[in-house]
Participant: 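Below is the structure I would like to discuss, written out as structure tokens.
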Amino acid sequence: MELIQNTADLSAYLAADEVIDHHHPLVRETAARLAADAADSYEYARAAYEFVRDTIPHSADCGDPRVTWRASDVLALGTGICHAKSHALAALLRAEDIPTALCYQRLTDDAGGHLLHGLVAVRFHGAWHRQDPRGNKPGVDARFSLTGERLAWVPDPAAGETDYPGLYAAPHPAVLTALRRAPDRPHLWKTLPSSL
């Protein structure tokens with residue numbers, strides 16, 4: 001699949017905003033701590049990915065009802081769904097000048113419907129590489145890779161699943177609206193979009 005930037009301006013994928021708030025002191029502090037042990041930007045990107053994947057539990061996996069959407073809140077509260085964790089990873093990567101996009105998959109859910117899954121893409125060596133920081137669990141083994149995708153899931157077109165090729169500089173408005181309006185995660189599951 002060819003990934004497609006929704007804006008041609010690469011600097012948009014380095015920008016800070018209300019969601020990917022890499023100017024926030026907690027994001028800057030976390031990025032500096034991770035960068036101190038990294039020899040280069042590739043090692044830093046892998047370290048940031050593993051930090052978000054492994055130390056911030058997916059709120060559905062741990063039963064946390066809180067909804068986070070701003071990167072600094074994800075880091076401060078230590079919880080988030082896939083979209084929130086993607087926002088946190090994007091902020092950490094952009095804090096170290098690594099172009100990072102948000103991207104999406106349509107997957108089946110446990111109730112026989114569909115859900116929109118969030119991940120990121122990083123730009124290295126003139127190409128975009130998708131990464132999934134949602135967090136591993138039995139049956140899910142996502143890994144940081146620039147030599148072939150190691151995502152949590154591979155969509156099954158026969159089940160109505162798909163990879164969306166768009167690379168977004170900011171969260172998709174429908175996703176962000178659902179995150180912001182949800183008082184808790186059970187409500188969020190009912191309001192998150194199932195497709196783009």
Side-chain angles (χ1 to χ4, degrees), residues 13-105 107 115-124 128-146 149-153 167-172 175-176 179 185 188 192:
Y13 299 96
L14 292 168
D17 59 26
E18 182 184 16
V19 179
I20 303 172
D21 57 343
H22 63 76
H23 55 278
H24 189 281
L26 179 56
V27 177
R28 302 302 301 176
E29 173 189 309
T30 305
R33 188 174 69 248
L34 294 169
D37 295 328
D40 56 28
S41 60
Y42 171 79
E43 280 190 22
Y44 172 79
R46 183 175 37 80
Y49 168 83
E50 290 174 354
F51 173 80
V52 173
R53 182 194 66 188
D54 298 343
T55 67
I56 300 171
H58 189 289
S59 55
D61 293 349
C62 67
D64 192 328
R66 296 175 295 173
V67 175
T68 53
W69 52 269
R70 183 179 288 118
S72 58
D73 291 340
V74 175
L75 296 177
L77 298 174
T79 191
I81 66 165
C82 58
H83 300 287
K85 291 182 68 165
S86 293
H87 300 165
L89 180 56
L92 290 172
L93 294 171
R94 290 182 185 185
E96 291 295 314
D97 295 321
I98 298 170
T100 307
L102 300 170
C103 43
Y104 302 94
Q105 294 176 316
L107 302 172
L115 57 80
L116 200 60
H117 177 58
L119 25 104
V120 304
V122 296
R123 190 164 178 89
F124 277 102
W128 290 100
H129 308 272
R130 293 190 308 165
Q131 314 295 328
D132 190 341
R134 100 62 58 243
N136 290 338
K137 63 180 186 174
V140 175
D141 185 26
R143 303 204 176 263
F144 185 83
S145 175
L146 301 181
E149 293 186 337
R150 296 288 308 271
L151 306 178
W153 293 283
L167 298 173
Y168 296 84
H172 191 281
V175 171
L176 187 56
L179 288 166
R185 190 174 38 78
L188 179 63
L192 267 175

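Small disclaimer: the values here were computed from a predicted structure and weren't measured.
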Participant: Can you tell me how far NZ of K137 sits from NE2 of H58, rounded to the nearest 0.5 angstrom?
Facilitator: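 Atom-to-atom, H58:NE2 and K137:NZ are 7.5 Å apart.
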Participant: Does H117 have any ring pair (Phe, Tyr, Trp, His ring centres under 6.0 Å) partners at least two apart in sequence or in another chain, and if so, which?
Facilitator: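 Checked H117 against ring pair (Phe, Tyr, Trp, His ring centres under 6.0 Å); matches are W153.
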Participant: Working to the nearest 0.5 angstrom, can you tell me the gap between H87 NE2 and C82 SG?
Facilitator: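 The NE2 atom of H87 sits 9.0 Å away from the SG atom of C82.
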Participant: Compare every heavy atom of G118 with every heavy atom of D132, then report the nearest pair and how far apart it is.
Facilitator: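 Distance-wise, the nearest heavy atoms are OD1-O, 4.3 Å.
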Participant: With sequence neighbours left out, write down each residue that passes ring pair (Phe, Tyr, Trp, His ring centres under 6.0 Å) with Y42, or none if nothing qualifies.
Facilitator: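 Counting only residues at least two positions away or on another chain, Y42 forms a ring pair (Phe, Tyr, Trp, His ring centres under 6.0 Å) with F144.
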Participant: Atom NE2 in H24, atom CD in E29: separation rounded to 0.5 Å?
Facilitator: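 Here the interatomic distance stands at 10.0 Å.
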Participant: Kindly indicate whether the side chain of Q131, heavy atoms from C-beta on, has any atom under 4.5 Å from the side chain of L146.
Facilitator: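 Touching, per the 4.5 Å side-chain cut-off.
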Participant: Of all the heavy-atom pairs spanning D141 and R150, show the shortest one and how long it is.
Facilitator: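 Closest approach of D141 to R150: OD2-NH2, 3.6 Å.
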Participant: Supply the atom-to-atom distance L151 CG to R130 CZ, rounded to the nearest 0.5 angstrom.
Facilitator: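 These two atoms lie 5.0 Å from each other.
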Participant: Which is it for V27 and L75 under the side-chain contact (heavy atoms from CB on, under 4.5 Å) test, yes or no, and what are the steps along the way?
Facilitator: CA-CA 7 Å; V27 177; L75 296 177; 3.9 Å; yes
Participant: Go through T30 and F51 one step at a time and tell me if the side-chain contact (heavy atoms from CB on, under 4.5 Å) criterion holds.
Facilitator: CA-CA 10 Å; T30 305; F51 173 80; 3.8 Å; yes
Participant: Is it true that R66 and D64 make a salt bridge, defined as a side-chain N closer than 4.0 Å to a carboxylate O?
Facilitator: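 Salt bridge present between R66 and D64.
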Participant: For S72 and L26, work out which heavy atoms get closest and say how close.
Facilitator: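 The answer is O-CD2, 3.7 Å.
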Participant: Give the minimum heavy-atom separation between V52 and P133, together with the two atoms involved.
Facilitator: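 V52 and P133 have their closest heavy atoms at CG1-CB, 4.0 Å.
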Participant: Using modelled atom types only, decide if a donor and an acceptor are shared between the side chain of H83 and the backbone of L116 within a distance under 3.5 Å.
Facilitator: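 Pair found, side chain donor or acceptor close to backbone of L116.
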Participant: Please report, to 0.1 Å, the donor-acceptor pairs under 3.5 Å made by any side chain of residues 89-104, with sequence neighbours excluded.
Facilitator:
unit_1: R94; atom_1: NE; unit_2: Y13; atom_2: O; d: 2.9
unit_1: R94; atom_1: NE; unit_2: T100; atom_2: O; d: 3.2
unit_1: R94; atom_1: NH1; unit_2: A15; atom_2: O; d: 2.7
unit_1: R94; atom_1: NH1; unit_2: A169; atom_2: O; d: 3.3
unit_1: R94; atom_1: NH2; unit_2: T100; atom_2: O; d: 2.7
unit_1: R94; atom_1: NH2; unit_2: A169; atom_2: O; d: 2.7
unit_1: T100; atom_1: OG1; unit_2: I98; atom_2: O; d: 2.9
unit_1: Y104; atom_1: OH; unit_2: H172; atom_2: N; d: 3.0

Participant: Step by step, would you call T68 with D73 a side-chain hydrogen bond (donor to acceptor under 3.5 Å, both in side chains)?
Facilitator: CA-CA 6 Å; T68 53; D73 291 340; over 6 Å; no
Participant: Got a second to check how far R53's CZ is from T55's OG1, nearest 0.5 Å?
Facilitator: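 If we round to the nearest 0.5 Å, R53:CZ and T55:OG1 are 10.5 Å apart.
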Participant: Identify the two heavy atoms, one from V74 and one from A88, that lie closest to each other, and give their separation to 0.1 Å.
Facilitator: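 Heavy atoms only, the tightest pair is CG1-CB, 3.8 Å.
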Participant: Quick check against the 3.5 Å criterion: does K85 have a side-chain atom that pairs as donor or acceptor with the backbone of R134?
Facilitator: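 Side chain of K85 to backbone of R134: a pair is present.
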Participant: CZ of R123 to CG of L167: how many Å apart, nearest 0.5 Å?
Facilitator: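 Output value for this atom pair is 9.0 Å.
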Participant: If you take all heavy atoms of A16 and H23, which pair is closest and at what distance?
Facilitator: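 Scanning both residues, the minimum pair turns out to be CB-ND1, 3.4 Å.
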